[in-house]
Amino acid sequence: MDRITPKALFLRRRELLKLGAGVTLLTSAAARARAAIPHGPQLPGVKPNPKYSTDEKKTPFDDIASYNNFYELGTDKSDPSANADKLQTRPWQVVVDGEVKKPRTWKIEEILHSFPLEERVYRLRCVEAWSMVIPWNGFPLADFLARHEPTSRARYVAFTSAVQPQMPGVRGFAGIPFPYLEGLRIDEATHPLALLAVGIYGEQLPNQDGAPIRLVVPWKYGFKSGKSLVRIHLQETQPPTTWSQYAGGSEYGFYANVNPEVDHPRWSQARERRIGEFLKRKTLMFNGYEEVAPLYAGMDLRKFF
Ligand code: MTE
């Protein structure tokens, strides 16, 4: 009689995963079976912001911290947590420069002591058609930018993620160039929903989620939310971004607002799978954050996607 070895089972599971059959069920079962994901230190003084809450079920910590996109740490969903120790988060500096009256290089500790932390529960919709509900801890990007007094020429904000030589993904085989670059228009960046996050579930951000500080722009596809930021540069012209340049611009453009009516070249964006759920749900315009619609008044969102 054939004996099914653990190795054979593992390979079979990989096959199933590749086929996409019940991906989320398997991945969250895998998350439970696997050794627990380490937790970081508690963040002091986090206050829930009731304005940015939801009745939706929050995605468990272990899923948020084990099913990741962070190409600098590898391209499989489980790579960033497996390689989390390859991101060095101390010492850490964030440079803010360009079109500001008060440029500054911050030590991460100074940032953590200068901005009161709130909890905001946001939906995260990845361009790959999966989603989560994440209790972020952070502060409005608008408050952070205001400290530096943007000039009247500051029309865009460019975000640069860290590149460290020991990160396994930056050595050339991840398929995208590094550093990871993202950008927002200044009115998007100063919209009250745009957040700089330093934690989840009241704890310091796990490295794989973009420690020590990352962007969260909940009405846009997840790739707009750059992780492990080292530079925030205000400028007059639209900055180049990693994914809008990818494969000659065949993916999404600069805006990348969640839009169920604009398909990805290779798949529909009409529905999404919430991690931990089996059936797909409808994707909402702006990921359900309709209050941002005035930012795009008069723009054809089929053209500017
Ligand atoms: N930031 C950097 N620096 N590198 C990345 O590969 N991936 C993006 C975004 N930010 C990415 C990044 C994508 S595609 C998504 S969906 C989100 O991070 C995922 O965030 P999460 O892993 O914390 O859920």
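All ligand and atom numbering here is 1-based and tracks the order in the structure. All of these numbers come straight from a predicted model, not from anything done at the bench. Numbers here simply count residues along the sequence, with the first being 1.
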Could you pull out the closest heavy-atom pair between Val217 and Lys224, with the gap in Å? CG2-O, 4.4 Å

Measure from the ring center of Tyr180 to the ring center of Tyr71 and say whether it is less than 6.0 Å. no

Classify the side-chain pair Asp85/Asn207 by whether it contains a donor and acceptor separated by less than 3.5 Å. no

Glu72 to ligand 1: N or O pair under 3.5 Å? yes

What is the nearest protein non-hydrogen atom to atom 17 (C) of ligand 1, stated with its residue, atom name and distance? Gly222 O, 3.6 Å

The protein heavy atom nearest to atom 16 (S) of ligand 1 is Cys126 SG, 3.4 Å

So which heavy atom in the protein is nearest atom 7 (N) of ligand 1, and how far is it from that ligand atom? Asn69 O, 3.2 Å

Do His233 and Tyr156 have ring centres separated by under 6.0 Å? no

Please name the pair of heavy atoms, one in Tyr122 and one in Pro192, separated by the smallest distance, quoted to 0.1 Å. OH-O, 4.3 Å

Do the two ring centres, one from Trp243 and one from Tyr221, sit under 6.0 Å apart? no

To the nearest 0.1 Å, how far is atom 21 (P) of ligand 1 from its closest protein heavy atom, and which atom is that? Lys227 NZ, 3.4 Å

Whether the Asn69 and Lys77 side chains hold a donor-acceptor pair (N or O, under 3.5 Å, no angle test) is what I'd like checked. yes

Does ligand 1 have any atom that is closer than 4.0 Å to a heavy atom of Arg214? yes

Geometry only, no angles: is Ser161 polar-contacting ligand 1 at N/O separations under 3.5 Å? yes

Just checking, is any N or O donor in the side chain of Arg125 or Ser131 under 3.5 Å from an acceptor N or O on the other one? no

At under 4.0 Å between heavy atoms, what of Met132 touches ligand 1? The answer is neither

Is Leu124 touching ligand 1 with its side chain, its backbone, both, or neither, if touching means heavy atoms under 4.0 Å apart? side chain

Determine whether the side chain, the backbone, both or neither of Tyr180 has a heavy atom under 4.0 Å from any heavy atom of ligand 1. side chain

Got an N/O contact under 3.5 Å between Asn68 and ligand 1? yes

What residue and atom, counting heavy atoms only, is the protein's closest point to atom 6 (O) of ligand 1, and at what distance? Tyr71 N, 2.7 Å

Per-residue contact class, Ser225 against ligand 1 - non-hydrogen pairs under 4.0 Å: backbone

Should the heavy atoms of other residues, nucleotides or ligands under 6.0 Å from CZ of Arg155 be counted, would the total exceed 12? no

